[in-house]
Amino acid sequence: MASNTDREVILADFQACTGIENIDEAITLLEQNNWDLVAAINGVIPQENGILQSEYGGETLHGPAYGPASHSAAASSAPSSSSAFRHVVPSRQIVERQPRMLDFRVEYRDRNVDVVLEDSSTVGDIKHILENELQIPASKMLLKGWKTGDVDDSTVLKTLHLPKNNCLYVLTPDLPPPSSAHSGALQESLNQNFMLIVTHREVQREYNLNFSGSSTIQEVKRNVYDLTSIPVRHQLWEGWPPSAADDSRKLLAIYLHHDESVLTNVFCSQMLCAESIVSYLSQNFITWAWDMTKEANRARFLTMCTRHFGSVVAQTVRTQKTDQFPLFLIIMGKRSSNEVLNVIQGNTTVDELMMRLMAAMEIFSAQQQEDIKDEDEREARENVKREQDEAYRISLEADRAKREAQEREMAEQFRLEQIRKEQEEEREAIRLSLEQSLPPEPKEESTESVSKLRIRTPSGEFFERRFLASSKLQVVFDFVASKGYPWEEYKLLGTFPRRDVTQLDPNKSLLEVKLYPQETLFLEAKE
């Protein structure tokens, strides 16, 4: 097993041969090959017949055979596993190592400085360049963001095994912050209470609300949501001072915890307890935490996440594996939706975590400026639209009374038509019900006594039907009503003798009322 010193040399040689700038990727490839340099290079740059050659006397090594099993044998005949192959290169092409250039993007407060240096330079060289750019003494600078351990001004960049592109930031704890002169007045304002008069224009109502000076604009909006049921993201406000416009919203940082992840303890003790991280989160983020260890908690979180943040955010969480926890999700509201700016996994450092939080804030600030610009443009368009709407409203005022009268007349006609239609539907429903409830018409060859009735309508038409002589008179009334002539509106008259059949007892049989064996009846509308 190679020592830490040997691994640093192997890592440097591997990056020089393969051109892989990403340290994490290079380490992963070497670990997959048990830190066997030749096997790792063969895996990235396949050679003819899988052969690489060392610099010692043209000795030929077969990559596939030179693996973990043969590594010890080779090591016994050489001073170390790393010294046996100082620069292993493909047998067909020998590349002379050129000076490696590193790019640094250094952030200090609201400024960014780009620095390009050879990897043979030192950390102090970066500070000297920044001293001229930022007008800050190098002795007052703390240069943070290194992915490796502690560094000092004499540290050579090459020994840090940095990727080509790097992000750093400058801290100046010994220099006073720009707003320190106003800290006393700010503290006094935080201790005061304020009354806000909030006007809800749509319903023409005012609310007098009391808040402490430490309250945020977001808290004000939540209180207004409780009163008006208007979600915070749909509220459009006017009247805030310009200095409050950029502070009206914050990024959301969701910390997702998982007890079964090996990274959890280190992350909680080193990242979440770091003073710089806690301070930066409290000033710039709304932080929320959730424990994902239990499956029930995970399912509940995904449900809430889908409901409140959208399916994209929820799907991002679903794709994370247990060994990637704990996580920091940085979420930004963008107009009517939400998007994940960053997913910070547990295998990070304090400096890298700070850099990614600051990068999220930079994107957020740019989005806020874009939103402010869009809001100003929208307000200008709405002013023009309001003027046009006012002119249009005045032009319509003269026609309003006439239109309303026409609408009332049409409404009354519609109401009457609906009544008529409902009555017709009701009559039809009754007719169909009676028609379906009628007993079947007896056949002509029936052995029972049958009465044959012929009924003449007011229009001169006739319809006939056979009935059992034992049937009640009500069955005849139902039959006539099923034809559209309800006995409440029509009377049924006999001829010889002339009589009003509808006045007879409907429970008597046709035989009893002498409508047997046949009879002709006339329908006549009641007066």
Side-chain angles (χ1 to χ4, degrees), residues 185-255 281-290 297 300-314 329-341 360-361 364-365 367-390 392-393:
L186 176 60
Q187 186 62 42
E188 182 179 352
S189 298
L190 292 175
N191 294 331
Q192 292 180 356
N193 290 325
F194 297 87
M195 174 180 284
L196 297 182
I197 302 176
V198 181
T199 302
H200 187 189
R201 290 179 177 174
E202 292 182 359
V203 297
Q204 297 181 353
R205 184 174 179 180
E206 287 188 352
Y207 303 95
N208 296 329
L209 306 177
N210 291 308
F211 294 94
S212 65
S214 59
S215 300
T216 64
I217 294 179
Q218 194 75 1
E219 291 172 343
V220 174
K221 291 185 175 183
R222 291 197 187 105
N223 276 267
V224 172
Y225 169 66
D226 293 336
L227 295 172
T228 63
S229 298
I230 301 175
V232 173
R233 67 178 181 274
H234 292 159
Q235 294 178 16
L236 296 177
W237 288 74
E238 294 179 358
W240 293 112
S243 60
D246 291 339
D247 297 329
S248 59
R249 293 186 298 151
K250 286 187 176 182
L251 285 174
L252 175 63
I254 302 179
Y255 170 69
L281 284 173
S282 62
Q283 293 177 11
N284 301 285
F285 293 82
I286 297 174
T287 307
W288 186 42
W290 192 268
N297 274 5
R300 183 181 175 193
F301 174 79
L302 291 175
T303 300
M304 292 190 299
C305 195
T306 303
R307 182 185 304 120
H308 298 292
F309 306 133
S311 58
V312 175
V313 179
L329 263 65
I330 309 301
I331 299 176
M332 180 180 72
K334 190 173 183 180
R335 295 178 174 87
S336 60
S337 62
N338 298 287
E339 64 178 42
V340 179
L341 284 186
M361 279 301 302
F364 179 58
S365 298
Q367 182 61 49
Q368 283 188 311
Q369 294 300 320
E370 183 180 344
D371 291 344
I372 292 172
K373 180 182 177 182
D374 292 344
E375 182 68 22
D376 292 341
E377 293 176 352
R378 185 168 62 83
E379 182 63 24
R381 292 194 300 269
E382 289 183 354
N383 287 335
V384 174
K385 185 176 182 298
R386 279 193 290 267
E387 294 174 359
Q388 294 174 343
D389 290 345
E390 181 64 17
Y392 185 65
R393 185 190 65 80

Smallest heavy-atom separation, Tyr207 atom then Leu227 atom, equals CD2-CD1, 3.8 Å
| Given Ile254 and Ile331, is the side chain to side chain contact (heavy atoms under 4.5 Å, CB included) satisfied, shown in steps? | CA-CA 8 Å; Ile254 302 179; Ile331 299 176; 3.5 Å; yes
- Determine, for Arg393 against Glu390, whether the closest basic-nitrogen to carboxylate-oxygen distance falls under 4.0 angstrom. yes
Separation between CD1 (Ile330) and CG (Leu252), nearest 0.5 Å, reads 8.0 Å
For side chain to side chain contact (heavy atoms under 4.5 Å, CB included), just list the numbers for Leu209 and Val224, CA-CA rounded to whole Å, side-chain angles, deciding distance to a tenth of an Å, and then say yes or no.
CA-CA 9 Å; Leu209 306 177; Val224 172; 4.1 Å; yes
Contact check, side chains of Phe364 and Asn284, non-hydrogen atoms, under 4.5 Å
no
On a heavy-atom basis, the closest approach of Arg201 and Glu238 is NH2-OE1, 3.1 Å
Are the side chains of Glu202 and Thr228 in contact, using a 4.5 Å heavy-atom criterion?
no
All heavy atoms of Leu302 vs all of Ala314, minimum pair found to be CD2-O, 3.8 Å
Heavy-atom nearest pair, Leu251 first then Ala360, reads CD1-O, 3.7 Å
Closest non-hydrogen atoms of Ile286 and Lys250, given as atom of the first, atom of the second and distance, are CG1-CB, 3.9 Å
*asked:* Does Glu377 have more than 12 heavy atoms from other residues, nucleotides or ligands lying within 6.0 Å of its CD?
replied: yes
When rounded to the nearest 0.5 Å, the distance separating CZ of Arg205 from OG1 of Thr199 is 12.0 Å
